[in-house]
Amino acid sequence: MTPEGYNRTHSVDFGGGWGSILARGQVEALQAVVEQLNGEGRCVVAMVPEAWALRRRVSNALLLLVTLGFRGKTPGLLLVSAPNPDAVTGNA
């Protein structure tokens with residue numbers, strides 16, 4: 001089996017802080033990644049909330065503090081994708 005046949009993980013990042021008010025929302029970010037995966041002939045088989053380690057939470061808090069809340073991140077989603085069987089066999 002070629003490496004393209006294995007499952008892959010993809011990260012969906014969400015913005016945080018005041019800057020996220022003007023940025024795209026969580027639904028749009030998720031939809032963009034799913035459309036990209038569908039275009040590559042892959043389908044989403046699992047979705048898991050991203051769990052941050054303490055170090056990443058502290059660094060994000062410092063970033064928010066230094067930028068007065070304008071820049072930051074929020075935990076996103078991890079998507080697990082697999083090859084779409086319909087795309088492989090041409091039954092779409």
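These numbers come from the heavy atoms of this one structure, side chains and all, not from hydrogens, waters or symmetry mates.
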Within one Ile-Leu-Val-Met-Phe-Trp-Tyr cluster: V12 and V44, side-chain cutoff 4.5 Å:
yes
Would you tabulate the side-chain donor-acceptor contacts of residues 28-35 under 3.5 Å, counting partners in other chains and residues two or more places apart, or write 'none'?
residue, atom, partner, partner atom, Å
E28, OE1, G25, N, 3.0
Q31, NE2, E35, OE2, 3.3

List, by chain and number, the other hydrophobic cluster members for L64, where Ile, Leu, Val, Met, Phe, Trp and Tyr join if side-chain heavy atoms come within less than 4.5 Å, directly or indirectly.
none
Starting from the C-alpha separation in whole Å, work towards a yes-or-no answer on side chain to side chain contact (heavy atoms under 4.5 Å, CB included) for V80 and N7.
CA-CA 7 Å; V80 179; N7 293 342; 4.1 Å; yes
Strictly below 4.0 Å, N to O, side chains only: are K73 and E50 in salt-bridge contact?
no
Can you measure from CG (L79) to CE (M47) and round to the nearest 0.5 angstrom?
6.5 Å
For R57, what residues pass the salt bridge (Lys or Arg N to Asp or Glu O under 4.0 Å) criterion, not counting sequence neighbours?
none
Cluster companions of V48 among Ile, Leu, Val, Met, Phe, Trp, Tyr (side-chain spacing under 4.5 Å):
none
Would you name the heavy atoms of C43 and P83 that are closest together and state the gap between them?
SG-O, 4.2 Å
Besides V58, the hydrophobic cluster formed by Ile, Leu, Val, Met, Phe, Trp and Tyr side chains linked at under 4.5 Å, directly or via other members, contains L54, L62
Between L77 and P49, what is the shortest heavy-atom contact and its length?
CD2-CA, 3.9 Å
I need the N38 CG to N84 CG distance, nearest 0.5 Å.
7.5 Å
Partners meeting salt bridge (Lys or Arg N to Asp or Glu O under 4.0 Å) with E40 (sequence neighbours left out)
none
